Amino acid sequence: MSYLTRTTTGSTSTGLGLGFGVPGYAHPLVAPLEWDELTRPGTPLHWVVLNVDSGPGERPDPRCLEATGRLRNAGVRVLGLLDAAHGVRPFAETVADARRHLDWYQADGFLLDRCPTERAALSDVRRTADALRSLRDGAHIVLGHGTHPHPGYAETADQLVTFSGPWTEYRWSQVAEWTADHPPERFCHFVHGVPRGHLEEALRIARWQGASTIYFTDRSDHGGTVDPWETMPGYWDEIVSRIGTGVSE
């Protein structure tokens, strides 16, 4: 049984139910079924990340334009991926990539991948987030820490990715106490290598730890040599059904 520490929620929930944040499938040319599936009516999607080439790429991609257009027509929020490179990437390069995401794909917001976690980098990340919001009114900003950052980051973005990793770590994970001061809508969990037989347990962990945006897959990263998010999980229909009908506490 997982060791869970979250017991209270300190902020009022906005009522956003459990749903998917898709970290980014492979290029639509090699993963057409995955992208098509995201437009199925009733799929509980919070947003989908577009990652052309660790960002928007060097020029507009016709297939990505088509895929994001279908998502937008289906009412799905599309976030452009920006690589923060753990805080060492120049500010101007990040903003330039954001402009390309907006100009080429009309992104609804951004996922700042490999985002720093330490307090010392907080002012730089805040500066970046403010700049991104200045480029697009209502931009949805997600910080892709992958672990619990300094609590000050919670005031910087709409959502934080506070777990990204394998099931073998997630099932025994603990949530930072400060997250109880915020509603579940502020947190995202990405977990790979989740066996089909442990789906219900994984969903319970997300609920107890207070994360309403999740992505679980049975795909593995094979020791860091493969991107586990590039293809759809083998149990996609099952997890869509489970989230749609709810999971008992």
Side-chain angles (χ1 to χ4, degrees), residues 5-6 9-14 16 21 23-24 46-57 77-165 169 173-190 209-215 229:
T5 60
R6 185 185 184 93
T9 300
S11 300
T12 302
S13 171
T14 61
L16 182 67
H46 292 170
W47 40 261
V48 175
V49 172
L50 174 67
N51 178 15
V52 182
D53 183 15
S54 297
R77 178 185 281 156
V78 178
L79 306 183
L81 184 134
L82 302 172
D83 185 7
H86 303 297
V88 301
R89 192 170 189 223
F91 171 80
E93 289 184 10
T94 302
V95 173
D97 271 0
R99 290 184 183 278
R100 294 187 185 100
H101 272 302
L102 291 170
D103 292 344
W104 298 344
Y105 306 110
Q106 291 77 55
D108 301 297
F110 307 94
L111 170 67
L112 198 61
D113 195 30
R114 300 201 295 170
C115 188
T117 60
E118 65 274 10
R119 183 175 184 174
L122 182 55
S123 60
D124 287 340
V125 174
R126 183 179 293 119
R127 177 192 179 203
T128 299
D130 288 345
L132 297 178
R133 290 192 175 95
S134 73
L135 296 177
R136 187 193 188 284
D137 291 339
H140 188 82
I141 309 297
V142 181
L143 301 183
H145 305 287
T147 188
H148 289 96
H150 182 277
Y153 285 92
E155 308 304 327
T156 302
D158 297 287
Q159 292 185 295
L160 311 179
V161 180
T162 53
F163 186 93
S164 181
E169 295 179 9
S173 63
Q174 301 180 45
V175 66
E177 291 184 5
W178 63 262
T179 63
D181 295 330
H182 304 277
E185 290 82 355
R186 303 298 302 282
F187 303 107
C188 316
H189 290 174
F190 300 155
Q209 292 198 7
S212 71
T213 299
I214 59 103
Y215 192 82
W229 320 118

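Positions are given from 1, in the same order as the sequence printed here. Everything quoted here is computed from the prediction, not taken from an experiment.
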A.B. asks: Go through the steps for D97 and R100 under the test salt bridge (charged side-chain N to carboxylate O under 4.0 Å, His left out), then give the verdict.
C.D. replies: CA-CA 5 Å; D97 271 0; R100 294 187 185 100; 2.8 Å; yes
A.B. asks: Under a 4.5 Å cut-off applied to non-hydrogen side-chain atoms, are Q159 and W47 in contact?
C.D. replies: yes
A.B. asks: Using the side chain to side chain donor-acceptor pair (under 3.5 Å) criterion, which residues pair with Y105? Sequence neighbours excluded.
C.D. replies: none
A.B. asks: Could you go through residues 117-130 and list every donor-acceptor pair under 3.5 Å that involves a side-chain atom there, pairing it with any protein atom two or more places apart or in another chain?
C.D. replies:
unit_1, atom_1, unit_2, atom_2, d
T128, OG1, D124, O, 3.1

A.B. asks: Among side-chain atoms of H46 and R77, is any donor-acceptor pair under 3.5 angstrom?
C.D. replies: no
A.B. asks: Are the side chains of F187 and S212 in contact, using a 4.5 Å heavy-atom criterion?
C.D. replies: no
A.B. asks: Given side chains that start at C-beta, do those of L160 and R186 come closer than 4.5 Å, heavy atoms only?
C.D. replies: no
A.B. asks: Write down the atom of Y215, the atom of G21, and the distance for their closest heavy-atom approach.
C.D. replies: CB-O, 3.3 Å
A.B. asks: Considering residues at least two apart in sequence or located in another chain, which fulfil the ring-ring contact (aromatic ring centres under 6.0 Å, His included) criterion with H189?
C.D. replies: Y170
A.B. asks: Tabulate below the donor-acceptor pairs under 3.5 Å that side-chain atoms of residues 79-87 make, not counting sequence neighbours, or state none.
C.D. replies:
unit_1, atom_1, unit_2, atom_2, d
D83, OD1, A85, N, 2.9
D83, OD1, R114, NE, 3.0
D83, OD1, R114, NH2, 3.3
D83, OD2, R114, NH2, 2.8

A.B. asks: Between F190 and F163, is there a side-chain heavy-atom distance shorter than 4.5 Å?
C.D. replies: no
A.B. asks: Per the salt bridge (Lys or Arg N to Asp or Glu O under 4.0 Å) rule, what does the pair list look like for residues 143-165, sequence neighbours excluded?
C.D. replies: R133-D158
A.B. asks: Would you tabulate the side-chain donor-acceptor contacts of residues 145-152 under 3.5 Å, counting partners in other chains and residues two or more places apart, or write 'none'?
C.D. replies:
unit_1, atom_1, unit_2, atom_2, d
H145, ND1, P116, O, 2.8
H148, NE2, A176, N, 3.4
H150, ND1, G152, N, 2.9

A.B. asks: To the nearest 0.5 angstrom, please state how far the NE2 atom of H140 sits from the CG atom of L132.
C.D. replies: 12.5 Å
A.B. asks: Say you draw a straight line from NE2 of H101 to CD of Q106; how long is it, rounded to the nearest 0.5 Å?
C.D. replies: 12.0 Å
A.B. asks: Could you state the interatomic distance from CG (L135) to CG (D103), rounded to the nearest 0.5 Å?
C.D. replies: 9.0 Å
A.B. asks: Please identify which of these residues, L143, V142, V161, T156, meets the side chain to side chain contact (heavy atoms under 4.5 Å, CB included) condition with L112.
C.D. replies: L143
A.B. asks: For residues G57 and W104, report the shortest heavy-atom separation together with the two atoms involved.
C.D. replies: O-CZ3, 3.5 Å
A.B. asks: For a 4.5 angstrom cut-off between non-hydrogen side-chain atoms, does V49 reach P23?
C.D. replies: no
A.B. asks: Is the number of heavy atoms from other residues, nucleotides or ligands under 6.0 Å of R99 CZ greater than 12?
C.D. replies: no
